[in-house]
**Q** 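Take a look at this one; I'll ask things after.
The first residue of the sequence shown is numbered 1, and numbering continues consecutively from there.
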Amino acid sequence: MNPLLNFSGLPRFADFTPEHVTPAIDTLLQENRDLIERQMNTDVPPTWRDLIEPIENANEKLERAWGQVGHLNAVQNSPALREAYNANLPKITQYYSELSLHQGLFKKIAALHAGAEFATLAAAQRKIIENDLRDFRRGGVDLPESKQPRFKAIKERLSELESKFNDNLLDATNAFAQYVTAERDLAGIPQDVLQTAREAAQAEGKPGWKFTLHAPSYLPVLQYADNRTLRALMYRAYVTRASEFGVPANGQRRSAKRGAGTASVSRVTSPKYPSSGYCEEGAPVPPSDGAIEWDNTPLIAEIVRLRCEMAQLLGFKNYAEYSLEPKMAESPMQVIDFITQFSDRAKPYARQDADEINAYARESLGIARPESWDIAYASEKLRLARFAFSDQEVKQYFPETTVLPGMFKLVETLYGLTIKATEAPTWHPDVRFFSIHDREHNLVGQFYIDLYARPSKRGGAWMDVAITRRRRDNRIQTPVAYLNCNFSAPVGGKPALFTHDEVITLFHEFGHGLHHLLTRVDYLGVSGINGVEWDAVELPSQFMENFCWEWEVLAPMTRHVDTAASLPRALFDKMLAAKNFQSGLATVRQIEFSLFDLHLHYDFDPDSAKTALQLLDEVRAQVAVLFPPPYNRFPNNFSHIFGGGYAAGYYSYKWAEVLSADAYSLFEENGVLDPATGSRFWNEILGVGGSRPALESFVAFRGREPQIDALLRHSGMSGGAGAPTL
């Protein structure tokens, strides 16, 4: 049997091959279309059981099968799988376009909404029907018949472009490698990073050390390498990925010219991975002829243009208004005002941070004119000088073998759960599988965790859905999640070591996972993260990050990789003192990305001569305090908004951070490990999914509407007036 058509339990990864994709998707699409046709041929008044449930069951099968394909395409990419994915993606998009434009189905659901049964349904069921009607209108059901073909064509083309954007970024990332043969050129880089680089080169039969643009290789070079030339080389390669400075279609890489250059964002992910080369400081010269392989520049222009056209077809002025309709925020201007207020609060702190780094680089490191590839390096040196510790020192206390159990122990304490390793087929030997049980030993949920970077895996960190909780007849379908990161794998017979930032990222993704896994909603459409406003979906993930700064949480989950000693309290106190070190710069960076995203989809004219990159330059002139070199092509790797679900929604990270910090403040008041507060958080936030508006859930937990004070305090920016408001 085709493993993609077996829905009796967990995915059959051990049996899967790319050849299974097309037959399975074709079968499910035909079954779904046949079902809808039968629904249209009955005159029986619509009911939940006869109308919603059958279609929900059919679509869930399609989503589960296609979800496995999309997941594997992201974590175990291969030419054959990519071909199968891209061949079937238009079919999936076409089906959902047909569904959203289906007048007969829309009228039946509208009749159910207007009928007597609606008032007798559970609140979650009513919310699903209301969401369905809203999404039908957003899907074009009210469009004149003459405009529907164009609308469908736009949806299908956007799906294709967004997938191609991600493929280009992955291929461009994998295409670069820097080999270093002289050990003297590697001074400052941590030994575990060097060992990984040595093993990577040896695996290819080459001497020396191999460095790549994957985060576990790239970031330590920028942060620790004393060799400024190497830092500059790696930086430029990273920030020009998937741009016109790439590989021509004939496969011959263009060389950069020396001299001065011309001056000039259903998956939930970590915000830490958007990023804002070679040793010369000038911009490389773009090729003068021929297409460039993996260049996302034309894709960006077409994506923005088509999104605007699609929104205007539906009666919205712009894509931002379309995107915000199902979110907490009420209008693009409300979001821009919110972000701008944050910018006004953060920019003085950011300017002070930048001045400190630049002064330290000049006076202590001998770098007369600090450049973008010097910032992380100088920052780490300044941190070491000011607080007498380095990220590398801290990293030795966070082996995977204690971090994971420590994180699980926190969740077990807060929610009365038990998390245990379990056997299940996986897609890679490094992947582990866990089960969650409650106090009565009932199975609550299960999850896969895939922690390490590899060439076949897309960058970043994210949670994705394998199976969603729902009631099927008299039984509960157990939810299952995928948790994905891109950390360094174990080397030298030692466990993988995580930086504190990576621990925070892991907690972030597990927060998303808990939102999916601990739902108590029995109806698919609003179970877990389904139906949750996108600008509130980050609340549980960012909430979890706060525990990474609590001594009583952190101390038990540390053990030095060599001595087995726990994290010294004195070192933790230094970490805490440095918690808001350069938080102004970090905040302004997120503001920059959020404003760029909003303006790109709100008041940017895609038919004008202005490019997305020029818009970004304008945003930077407004809010930034550090400016990248002119060859930086950040938009070309901003997969959050061009290849993911955050278009006109990247602000959600900062918006939800207000909610998460304020929610966490109740734990600060009652005790960070207080099970009663944990139970309340589960009942009112995690457990309710999208069955009610996020603001109602927040008020039910906190007892009032959200306030900004906790976030400003956590960020070290609580002084002064003019706090931004939601």
Side-chain angles (χ1 to χ4, degrees), residues 186-195 216 219-228 231 272 349-367 370 373-399 402-403 406 487-488 494 496-507 545-587 589 626 713-719:
L186 303 175
I189 300 176
Q191 284 302 310
D192 59 328
V193 177
L194 293 179
Q195 187 164 354
L219 293 177
V221 172
L222 267 289
Q223 188 172 5
Y224 294 106
D226 296 334
N227 187 333
R228 194 181 186 214
R231 296 199 309 271
K272 298 179 183 299
Y349 292 92
R351 188 174 291 113
Q352 179 180 336
D353 292 344
D355 290 345
E356 288 177 349
I357 291 176
N358 287 330
Y360 185 83
R362 288 191 301 269
E363 297 165 9
S364 300
L365 302 178
I367 301 175
W373 50 88
D374 299 316
I375 299 303
Y377 176 77
S379 175
E380 177 62 20
K381 295 293 187 183
L382 176 58
R383 184 215 305 268
L384 182 61
R386 179 172 296 174
F387 301 104
F389 79 95
S390 71
D391 280 351
Q392 186 62 21
E393 178 186 359
V394 172
K395 180 178 179 180
Q396 308 308 308
Y397 289 95
F398 288 103
T402 58
V403 169
F487 303 150
S488 296
K494 295 182 178 181
L497 300 177
F498 301 151
T499 67
H500 188 244
D501 276 349
E502 288 172 336
V503 173
I504 292 173
T505 296
L506 179 61
F507 272 58
E545 293 183 23
N546 291 286
F547 290 101
C548 296
W549 295 102
E550 299 291 350
W551 173 250
E552 56 191 309
V553 174
L554 214 60
M557 59 185 286
T558 60
R559 181 179 298 122
H560 194 281
V561 68
D562 294 322
T563 68
S566 295
L567 182 75
R569 180 61 194 247
L571 180 53
F572 172 77
D573 289 341
K574 293 176 182 178
M575 293 167 58
L576 205 57
K579 177 178 181 286
N580 293 317
F581 178 59
Q582 295 173 2
S583 64
L585 279 177
T587 300
R589 179 174 177 266
L626 292 176
R713 175 167 49 81
H714 290 175
S715 303
M717 294 186 288
S718 56

**Q** Return the OG1 to CG distance between Thr587 and Asp353, rounded to the nearest 0.5 Å.
**A** 9.0 Å
**Q** Between Tyr377 and Tyr224, what is the shortest heavy-atom contact and its length?
**A**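 Closest approach of Tyr377 to Tyr224: CE1-O, 3.6 Å.
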**Q** Heavy-atom distance under 4.5 Å between the side chains of Lys381 and Asp226, does that happen here?
**A** yes
**Q** Of the non-hydrogen atoms in Leu497 and Asp192, which two are nearest, and what is the gap between them?
**A**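 Shortest heavy-atom contact: CD1-OD2, 4.5 Å.
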**Q** Is the distance between the ring centroids of Phe507 and Phe547 under 6.0 Å?
**A** no
**Q** Does any part of the side chain of Tyr349, heavy atoms only, come nearer than 4.5 Å to the side chain of Asn580, both counted from C-beta?
**A** no
**Q** So, taking the atom named CD in Gln396 and the one named CG in Leu567, what distance separates them when rounded to the nearest 0.5 Å?
**A**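 That separation rounds to 12.0 Å.
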**Q** How long is the gap from CG on Asn546 to CD1 on Ile504, to the nearest 0.5 Å?
**A**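 The CG atom of Asn546 sits 9.5 Å away from the CD1 atom of Ile504.
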**Q** Using atom types as modelled and distance alone, determine if a side-chain donor or acceptor of Ser566 lies under 3.5 Å from a backbone N or O of Arg559.
**A**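 The answer is no, because no donor-acceptor pair under 3.5 Å joins these two groups.
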**Q** Let's go through Leu626 and Asn358 carefully: what are the C-alpha distance in whole Å and the side-chain angles of both, what is the deciding distance for side-chain contact (heavy atoms from CB on, under 4.5 Å) to 0.1 Å, and is it a yes or a no?
**A** CA-CA 10 Å; Leu626 292 176; Asn358 287 330; 4.2 Å; yes
**Q** Please report the closest heavy-atom contact between Ser488 and Pro216, naming both atoms and the distance.
**A** OG-CB, 2.9 Å
**Q** If we only count heavy atoms from C-beta on, is the Gln582 to Ser379 side-chain gap below 4.5 Å?
**A**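 Yes; the side chains approach each other to less than 4.5 Å.
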**Q** Would you say that Leu222 contacts Trp373 through its side chain, given a criterion of any heavy-atom pair below 4.5 Å between the two side chains?
**A**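 Heavy-atom side-chain distance check passes, below 4.5 Å.
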**Q** Looking at side-chain heavy atoms only, is the closest gap between Leu554 and Phe398 below 4.5 Å?
**A**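 They are in side-chain contact.
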**Q** How long is the span from the CD atom in Glu393 to the OG1 atom in Thr499, to the nearest 0.5 Å?
**A** 14.0 Å
**Q** Side chains of Ile189 and Asn227: closer than 4.5 Å at any heavy-atom pair?
**A**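 Result no, sub-4.5 Å side-chain heavy-atom pair not found.
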**Q** Does some side-chain heavy atom of His500 sit less than 4.5 Å from a side-chain heavy atom of Cys548?
**A**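 Counting from C-beta outward, Cys548 and His500 do come under 4.5 Å.
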**Q** Could you walk me through whether Asp573 and Trp551 pass side-chain contact (heavy atoms from CB on, under 4.5 Å), step by step?
**A** CA-CA 9 Å; Asp573 289 341; Trp551 173 250; over 6 Å; no
**Q** Start with the C-alpha gap between Lys574 and Val394, add the side-chain angles, then the distance that decides, and say whether side-chain contact (heavy atoms from CB on, under 4.5 Å) holds.
**A** CA-CA 10 Å; Lys574 293 176 182 178; Val394 172; over 6 Å; no
**Q** Charged N to carboxylate O under 4.0 angstrom, Lys395 versus Asp391?
**A** no
**Q** Looking only at heavy atoms, what is the nearest atom pair of Tyr360 and Ala378, with distance?
**A**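 Where Tyr360 meets Ala378 most closely, the heavy atoms are CD2-O, 4.1 Å.
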**Q** What distance separates Ile357 CD1 from Ile367 CD1, expressed to the nearest 0.5 Å?
**A**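 If I round to the nearest 0.5 Å, the distance is 11.0 Å.
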**Q** Specify the closest pair of heavy atoms between Arg362 and Pro370, including all atoms of both residues, with the distance to one decimal.
**A** CG-CD, 4.2 Å
**Q** Has Arg386 got its NZ or CZ under 6.0 Å from the middle of the six-membered ring of Phe581, at an angle within 45 degrees of the ring axis?
**A** no
**Q** Considering only heavy atoms from C-beta outward, does the side chain of Thr558 approach that of Phe572 to under 4.5 Å?
**A**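 In short, these two side chains do not touch, never coming nearer than 4.5 Å.
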**Q** What closest approach, in Å, do His560 and Thr563 show between heavy atoms, and which atom pair accounts for it?
**A**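 Closest heavy-atom pair between His560 and Thr563: CB-OG1, 3.1 Å.
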**Q** Give the C-alpha distance, both sets of side-chain angles, the deciding distance and a yes or no for side-chain contact (heavy atoms from CB on, under 4.5 Å) between Met575 and Phe387.
**A** CA-CA 8 Å; Met575 293 167 58; Phe387 301 104; over 6 Å; no
